[in-house]
J.: 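Please read through the structure below; I'll follow up with questions.
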Amino acid sequence: MGYVFKSKWITAREFENGAREIKNFYMNVKKDFVIKNAETAYVNITADDYYKLYVNGKFVGQGPAPSYSFSYNYNRFDITPFIKEGKNTVSALVYYQGLINRAFVSGDGRQGLIADIFIDGDYAFGTDETWRYGKDGSFIGTRTYGYDTAFAEDRDMRSRDADLIPCAVKKHDYIFCEKPFPAVEIYLVSVEPTVSKNRYFYDFGREYAGNLRVTAVSERDGAKIIIRCAEELDESGLRYNLRCGCDYEETCILKKGENIIEQYDYKGMRYTEISAESGVSVKSAQLLARHYPFPEISAKIKTDDENLKAVFELCKHTVLYGAQEALIDCPTREKGQYLGDAFISGFSHLILTKDDRLLKKALENAVQSLKFSGEFLAVSPCSLKQKIADYALLFPLMCLRYYEYTEDAAFLEKMLCACEYINRYFKKFADGDGLLNTVNEQWNLVDWPENCRDGYDFDLSNPICEGRHNAVNAYYICALDSTEKIKDILGVPYKSRSAELKTAFNRAFLNSATGLYTDSEKTEHSSVHSNMLALAFGICPKESVKKTADYLVERGMRCSVFASYFYLKALCEAGRYGDAYKAIVSKGKNSWLNMISEGATTCFEAWSKEQKHNTSLFHPWAASPIIILFEELRGKADFEIYY
């Protein structure tokens, strides 16, 4: 049973009857209260879509982590340092976005806040009809960026808050999680600007996930500043129209006097430039960096190989700031928790921190997507419904490997039903020998972007070509094999199918003339992908391992940064540890050092800025070296990972 709030769900009156058409709505909600002789105080709080909490004008925390209404997250904050004897004020800025995207479970008309306040361990009061609210009209942006990920935060600081009126109380159907989920850590990053006339330029030194707090003083009402943020510079200066499709230019109209402009949502950025009209001076621009709590004692690497050290630190920094309230794919274009991305970032984060909660949440969210949509989704929890066959088929392997780290058999048992569902779902595409034929209800990814598929010779366009192809069947066998291993651990009886499917796979795709795997039954073309997946998933027979591994080494890492995990894993499965190490520290075109040579401080979405037309320069799905170094190469190369 989950946590039961004692207080009432309060909402803006604009949402009393649903109001799905409302978008980009900010609600300021406040309540005064009196304290006498209190020693401790804490609050349990959540909102839909999001809140930022203040006590006596001081920031306390924000949340919640994205979640579906039937398993809704909440936060707990110790507010003892913020309260005082006598009159106090608790307030929150609650945001409802209203877009259908990968970042929020929104667009459903659900809006509001609920909070329980405890004084000296006892429930004291909470949200009810005595709380008052007003709409914050300073947020005037209507343009969205990314994949309808966020609204531009254009502001009019002259706009006064609406008069406060009583909140509406609404009966709710939320089922809350049993325990509070950790809130993100937030801290200031400050640098001195380079000032040229009315332009203020800030280089924060590396890319972060965060938002800005700008203090500007204007001599008159109506003067403007333009805030631009970017991941990189180009020949014209700040590249604020990001490669990934986010136009990070926002205009603020100022009131006379001091204006403190704090952005609400976060971005991926390294650079900021503020252009001010005459009569305006920018006193400061600080970055409020944010990420999931990261322990002081985290994994470090000791090595004399400066290239290895650089790759490890690049991946670690990327995973650190890519871990928000979920394992996001990037902090710019999508901000979504893709299951495939979480396979890489989740285990990397677990290795770095020894904290399994984010990865566990990602697995739970994937299972919850079945209840939310009736289908197993590739990205969750969010209001967008997207299916990717490769990611769904990775789920049983993720559950198995999570157990290998945690030995949490009870959780593994809870995940088994979803593993069985996935296997049943894909079985409907099976031929007589069990191999999948024309999986046309989901995106067959194979790899992304398309130009990183090493010429994979099967038409993956929508609708997908009819026939049987290598990659989706390799993932399918991996799913079956992992599920059977889970049942072995749990003592659940079953009839094995994975062994006979491996035989069918080798019969269908292993070319006897070349000794290599082909991309499909219709071609003699062999790609890195058709060979690395067979080797990484234990499908390749012993007599073919050397030939397959030789081919992978000869071809090189001709795959995406995401698929690099399977390339490196395949080499390690073949005992080619030295070759895996060389690939990690390679200076070739497809390498992490190539990203660094192009100025990366976080991993790119692709191997270089130009390899993908809308490349994100901050993508944790590229962090596979952390997993391979920790799990496969420790003790087999001259480095040490320690805590």
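Side chains included, hydrogens not; waters and symmetry mates left out as well; all remaining heavy atoms used.
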J.: Do Met27 and Leu93 have side-chain heavy atoms sitting under 4.5 Å apart?
T.: no
J.: Any sub-3.5 Å donor-acceptor pair from Asp329's side-chain atoms to Gly336's backbone N or O?
T.: yes
J.: Does Arg76 offer a backbone N or O that forms a donor-acceptor pair with the side chain of Asn44 under 3.5 Å?
T.: no
J.: Measure centre to centre between the rings of Trp448 and Trp443, then say whether the value is under 6.0 Å.
T.: yes
J.: Side chain of Thr46, backbone of Asn73: donor and acceptor closer than 3.5 Å?
T.: yes
J.: I want to know whether Tyr391 and Phe395 have ring centres closer than 6.0 Å.
T.: no
J.: Please tabulate, for the side chains in residues 472-479, all donor-acceptor contacts under 3.5 angstrom to protein atoms that are two or more places apart in sequence or on a different chain.
T.:
| residue | atom | partner | partner atom | Å |
| --- | --- | --- | --- | --- |
| Asn473 | OD1 | Leu436 | N | 2.6 |
| Asn473 | ND2 | Leu436 | O | 3.2 |
| Asn473 | ND2 | His469 | O | 2.9 |
| Tyr476 | OH | Arg497 | NH2 | 3.0 |

J.: Is a donor from one side chain sitting under 3.5 angstrom from an acceptor on the other, for Asp48 and Tyr174?
T.: yes
J.: Just jot down the salt bridge (charged side-chain N to carboxylate O under 4.0 Å, His left out) partners of Glu249, sequence neighbours excluded, or say none.
T.: Arg228
J.: For residues 457-466, pull every pair meeting salt bridge (Lys or Arg N to Asp or Glu O under 4.0 Å), keeping only residues two or more places apart or in separate chains.
T.: none
J.: Could you work out, with side chain to side chain contact (heavy atoms under 4.5 Å, CB included) as the rule, every residue matching Ala19, not counting sequence neighbours?
T.: Phe15, Glu21, Ile22
J.: Going by heavy atoms in the side chains, are Cys246 and Lys267 under 4.5 Å from each other?
T.: no
J.: For a quick check under 3.5 Å, do Lys316 and Ser298 share a side-chain donor-acceptor pair by atom type?
T.: yes
J.: Do Lys23 and Tyr96 form a cation-pi contact, if we require the NZ or CZ to be under 6.0 Å from the six-membered ring centre and within 45 degrees of the ring's axis?
T.: no
J.: Residues in side chain to side chain contact (heavy atoms under 4.5 Å, CB included) with Lys354, at least two apart?
T.: Tyr643
J.: Without swapping roles, check the side chain of Asp519 against the backbone of Asn470 for a donor-acceptor pair under 3.5 Å.
T.: no
J.: Are Tyr3 and Tyr74 an aromatic pair by the rule of ring centers under 6.0 Å?
T.: yes
J.: Side chains of Glu605 and Thr615: do they bring a donor and an acceptor to under 3.5 Å?
T.: no
J.: Can you measure from SG (Cys315) to CD1 (Ile627) and round to the nearest 0.5 angstrom?
T.: 9.5 Å
J.: Taking C-beta and beyond as the side chain, do Gln337 and Asn365 meet within less than 4.5 Å on heavy atoms?
T.: yes
J.: Would a distance-only check, ignoring hydrogens and angles, find a side-chain to backbone donor-acceptor pair under 3.5 Å from Asp447 to Ser560?
T.: yes
J.: Is the Phe176-Phe5 ring centre distance short of 6.0 angstrom?
T.: yes
J.: Under a 3.5 Å distance rule, please check whether Lys335 uses its side chain to pair with a backbone N or O of Tyr266 as donor and acceptor.
T.: yes
J.: Could you check if a side-chain atom of Glu334 sits within less than 4.5 angstrom of a side-chain atom of Ile328, using non-hydrogen atoms only?
T.: no
J.: Side chain of Ser373, backbone of Leu370: donor and acceptor closer than 3.5 Å?
T.: no
J.: With sequence neighbours excluded, tell me which residues meet side chain to side chain contact (heavy atoms under 4.5 Å, CB included) with Asn211.
T.: Lys52, Glu262, Gln263, Leu288
J.: State which residues pass side chain to side chain contact (heavy atoms under 4.5 Å, CB included) with Asn590; sequence neighbours excluded, sorted by chain then number.
T.: Trp607, Gln611
J.: With a 4.5 Å cut-off on side-chain heavy atoms, are Phe411 and Tyr403 touching?
T.: no
J.: Does the pair Glu185 and Arg290 meet the rule for a salt bridge (charged side-chain N to carboxylate O under 4.0 Å, His left out), with working shown?
T.: CA-CA 5 Å; Glu185 294 180 346; Arg290 53 172 277 172; over 6 Å; no
J.: Ring centroid separation for Tyr425 and Phe376, is it under 6.0 angstrom?
T.: no
J.: For the rings on Tyr248 and Tyr145, is their centre-to-centre separation under 6.0 Å?
T.: yes
J.: Identify, with sequence neighbours excluded, every residue that meets salt bridge (charged side-chain N to carboxylate O under 4.0 Å, His left out) alongside Glu598.
T.: none
J.: Could you list the donor-acceptor pairs under 3.5 angstrom formed between side-chain atoms of residues 98-108 and any protein atom two or more places apart in sequence or on another chain?
T.:
| residue | atom | partner | partner atom | Å |
| --- | --- | --- | --- | --- |
| Asn101 | OD1 | Ala103 | N | 3.0 |
| Asn101 | OD1 | Phe104 | N | 3.1 |
| Asn101 | ND2 | Gln97 | OE1 | 2.7 |
| Asn101 | ND2 | Asp148 | O | 2.8 |
| Asn101 | ND2 | Thr149 | O | 3.3 |
| Arg102 | NE | Tyr338 | OH | 2.6 |
| Ser106 | OG | Asp49 | OD1 | 3.4 |
| Ser106 | OG | Asp49 | OD2 | 2.7 |
| Ser106 | OG | Gly98 | N | 2.8 |
| Asp108 | OD1 | Arg110 | N | 3.1 |

J.: Holding to salt bridge (charged side-chain N to carboxylate O under 4.0 Å, His left out), I want the full list of residues that pass it with Glu364, two or more places apart in sequence or in another chain.
T.: none
J.: Please find out if less than 6.0 Å separates the ring center of Tyr292 from that of His349.
T.: yes
J.: Are the side chains of Thr318 and His619 in contact, using a 4.5 Å heavy-atom criterion?
T.: no
J.: Which atom names give the shortest non-hydrogen contact between Asp356 and Thr406, and what distance separates them?
T.: OD2-CG2, 3.4 Å
J.: When you measure from the side chain of Glu325 to the backbone N and O of Ala65, does any donor-acceptor pair fall under 3.5 Å?
T.: no
J.: Tell me every residue that passes ring-ring contact (aromatic ring centres under 6.0 Å, His included) with Phe372, counting only those two or more places apart in sequence or in another chain.
T.: Tyr68
J.: I'd like to know if Glu420 and Lys427 make a salt bridge, using a cut-off of under 4.0 Å between side-chain N and carboxylate O.
T.: no
J.: Determine, step by step, whether Arg206 and Tyr208 satisfy the side-chain hydrogen bond (donor to acceptor under 3.5 Å, both in side chains) criterion, reporting the C-alpha distance in whole Å, the side-chain angles of both residues, the deciding distance to 0.1 Å, and the verdict.
T.: CA-CA 7 Å; Arg206 58 186 182 181; Tyr208 290 91; 3.3 Å; yes
J.: Within the side chain of Trp592, is there an N or O that forms a donor-acceptor pair under 3.5 Å with the backbone of Val561?
T.: no
J.: What pair of heavy atoms forms the shortest contact from Val446 to Leu460, and how long is it?
T.: CG2-CD1, 3.5 Å
J.: Regarding Ser530 and Ser527, do their side chains bring together a donor and an acceptor under 3.5 Å, going by distance alone?
T.: yes
J.: Tyr50 and Tyr26: aromatic ring centres closer than 6.0 Å?
T.: no
J.: For a 4.5 angstrom cut-off between non-hydrogen side-chain atoms, does Phe139 reach Tyr95?
T.: no
J.: Taking the inter-plane angle between the rings of Tyr321 and His291 on a 0 to 90° scale, is it parallel (under 30°), tilted (30 to 60°) or perpendicular (over 60°)?
T.: perpendicular
J.: Do side-chain atoms of Asp454 reach the backbone of Tyr456 as a donor and acceptor pair under 3.5 angstrom?
T.: no
J.: To the closest 0.5 Å, what do you measure between CG (Asp355) and NZ (Lys360)?
T.: 11.0 Å
J.: What are the two closest heavy atoms between Ser608 and Asn594, and how far apart are they?
T.: CB-ND2, 3.6 Å
J.: For Glu207, check salt bridge (charged side-chain N to carboxylate O under 4.0 Å, His left out) against everything at least two apart and list the hits.
T.: none
